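One structure is given below, encoded as structure tokens.
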There are 2 protein chains.
Amino acid sequence: MPDSPVPLDRQLWDLVYAHDAAWDRAARTAGLSAAQACLLDALTDGGRSMGELAELLLCDASNVTQLVARLEAGGLVARRADADDRRVKRVTITPAGRRVRRAVRRAFDFADERLGRLTEAERLRLSGLLGKLLAPPS
Amino acid sequence: MPDSPVPLDRQLWDLVYAHDAAWDRAARTAGLSAAQACLLDALTDGGRSMGELAELLLCDASNVTQLVARLEAGGLVARRADADDRRVKRVTITPAGRRVRRAVRRAFDFADERLGRLTEAERLRLSGLLGKLLAPPS
DNA sequence: TATTGTTATACTCTATAACTATA
DNA sequence: TATAGTTATAGAGTATAACAATA
């Protein structure tokens, strides 16, 4: 007899958990929390303001202050006042921060290891289906 | 010109976030944290021991003690010593807990609202693809 | 006055270590 | 002795409200 099929929403839960857990593990192997790794991952070459980071990370600005403070204490990011608008602080990644970020991204093998199992055609199909799931509610 | 395609792993991140955020919102509308809602969601009619809950929720037993304490303070669960092995505590859901749990599940509209957009054929395809992604690493 | 960011504070989640009660 | 659970404690993530500096 066939195995009872796993309901689709249960599969989605499992996917969410697997993806999340892979990121958490990757962050921890580099000595970061998942949230700190997200912040580091969100930095661009020009740096980002605290407000931009709050928006990207979908959290309060006061939270960003704390996350940045911890990363700064570890020497992974630097904070300096913007030249044009001195209210704005720009957060930039340090050379040490780049090394750690590379390590996190390399350790986050979900995309490589799991997505690598799909053929190109399957990827396209998955992409189309995810697009429908992610479309904003009508 | 076509929109530049969204990378598949970015789509996955978005899905993870959307799914997670939907659960978080559902829990909060019922006055619970996401973790508390997960615990409530994991309870069965016969109740579960603290240890079982720790295993299901993938966290330490001391954490379960705190989560249960908060839910118990709100009258949503009850804790009683097991008759056979008095070291074991069985956590059961109260009538009020059932009402709250129903509210959370109803508010968690992800499955209904997002998955409802797919045709049966698309669901089957998605299920197959998720199965490949979720298969344990070879 | 409005905006950017910080500080003070509080709550929750989470884990570790030491402890109690029971087996 | 071993197991189930609790307590004490600590660190991190998160938010709200009050505040400082700058525009």
Side-chain angles (χ1 to χ4, degrees), chain A residues 17 20-21 23-43 47-74 76-92 104, chain B residues 17 20-21 23-43 47-74 76-92 104:
Chain A
Y17 176 73
D20 229 35
W23 182 255
D24 196 78
R25 271 196 308 276
R28 274 175 214 292
T29 58
L32 299 178
S33 70
Q36 289 167 354
C38 282
L39 196 153
L40 215 54
D41 193 54
L43 291 179
R48 288 198 190 275
S49 72
M50 305 295 281
E52 280 170 351
L53 288 169
E55 207 168 340
L56 284 167
L57 303 178
L58 298 160
C59 71
D60 192 82
S62 64
N63 192 20
V64 175
T65 297
Q66 290 208 94
L67 290 171
V68 168
R70 292 193 187 105
L71 288 169
E72 197 177 30
L76 305 184
V77 304
R79 216 176 342 187
R80 56 172 179 64
D82 186 288
D84 295 344
D85 183 342
R86 291 162 53 89
R87 290 175 305 180
V88 174
K89 301 268 179 67
R90 298 207 75 78
V91 181
T92 56
V104 172
Chain B
Y17 177 72
D20 228 34
W23 183 254
D24 196 79
R25 271 196 308 276
R28 273 174 213 294
T29 58
L32 300 178
S33 70
Q36 287 166 355
C38 282
L39 196 152
L40 214 55
D41 193 55
L43 290 179
R48 286 197 191 276
S49 72
M50 305 295 281
E52 280 170 351
L53 288 169
E55 207 168 340
L56 283 167
L57 302 178
L58 297 160
C59 70
D60 192 81
S62 65
N63 193 19
V64 174
T65 298
Q66 291 208 91
L67 290 172
V68 168
R70 293 194 186 104
L71 290 169
E72 197 177 30
L76 306 184
V77 305
R79 215 175 344 185
R80 57 170 179 65
D82 187 288
D84 294 343
D85 182 342
R86 291 163 50 87
R87 290 174 306 180
V88 174
K89 301 268 179 68
R90 299 207 73 78
V91 181
T92 55
V104 172

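A note on names: the letters A, B, ... follow the listed sequences, proteins ahead of strands, and every chain is numbered from 1. Everything quoted here is computed from the prediction, not taken from an experiment.
The phosphate of C/dA23 has neither OP1 nor OP2 within less than 4.0 Å of any side-chain N or O from B/R87. OP1 or OP2 of C/dT6 sits under 4.0 Å from a side-chain N or O of A/K89.
One interatomic measurement links the two molecules: CD of A/E72 to C1' of C/dT6, which rounds to 13 Å at whole-angstrom precision. In this structure, B/R80 atom CZ and D/dG5 atom P are separated by 13 Å, rounded to whole Å. What separates CG of B/L71 from P of C/dC11 is a distance of 17 Å, to the nearest Å. Between the C1' atom of C/dG5 and the CG atom of A/N63 lies a distance of 13 Å, rounded to the nearest Å. In this structure, B/E55 places its CD atom 11 Å from P of D/dG5, rounding to the nearest Å. Between B/D60 atom CG and D/dA4 atom P there is a gap of 13 Å when expressed in whole angstrom units. The CG atom of B/L67 sits 14 Å away from the P atom of D/dG5 (whole-angstrom rounding). Between the CZ atom of B/R90 and the C1' atom of D/dG5 there is a distance of 14 Å, given to the nearest Å.
Side chains of B/L39 and B/L56 form no contact here, defined as non-hydrogen atoms less than 4.5 Å apart. The shortest side-chain heavy-atom distance between A/L32 and A/L40 falls under the 4.5 Å cut-off. Within the 4.5 Å cutoff, the side chain of B/V77 has heavy atoms near those of the B/E72 side chain. For the pair A/V91/A/R48, no side-chain contact is recorded, criterion being any heavy-atom separation below 4.5 Å from C-beta on.
Contacts between residues 24-43 of chain A and DNA chain D, defined by a heavy-atom separation under 4.0 Å, are made by A/S33, A/A35, A/Q36.
Nucleic acid contact class of A/D85 (heavy atoms, under 4.0 Å, all strands): sugar-phosphate only. Backbone-only engagement by B/R79 is indicated by non-hydrogen atom pairs under 4.0 Å involving sugar-phosphate atoms exclusively.
A donor-acceptor contact under 3.5 Å is formed by the side chain of A/S62 with the base of D/dT16. Judged by atom type and distance alone, B/Q66 does not reach the base of C/dT12 through any side-chain donor-acceptor pair under 3.5 Å.
Nearest heavy atom pair, residue B/V104 against residue B/A30, reads CG2-CB, 3.5 Å. Across all their heavy atoms, B/W23 and B/A34 have their closest contact at NE1-O, 3.4 Å.
The side chain of A/R86 lies closest to D/dA23 when the candidates are D/dG13, D/dA23, C/dG5.
With DNA chain D read from its 5' end, the first of the two nearest nucleotides for A/D82 and A/R70 is the one closest to A/R70.
Looking at residues two or more places apart in sequence or on another chain, you find a side chain to side chain donor-acceptor pair (under 3.5 Å) between A/D41 and A/R105.
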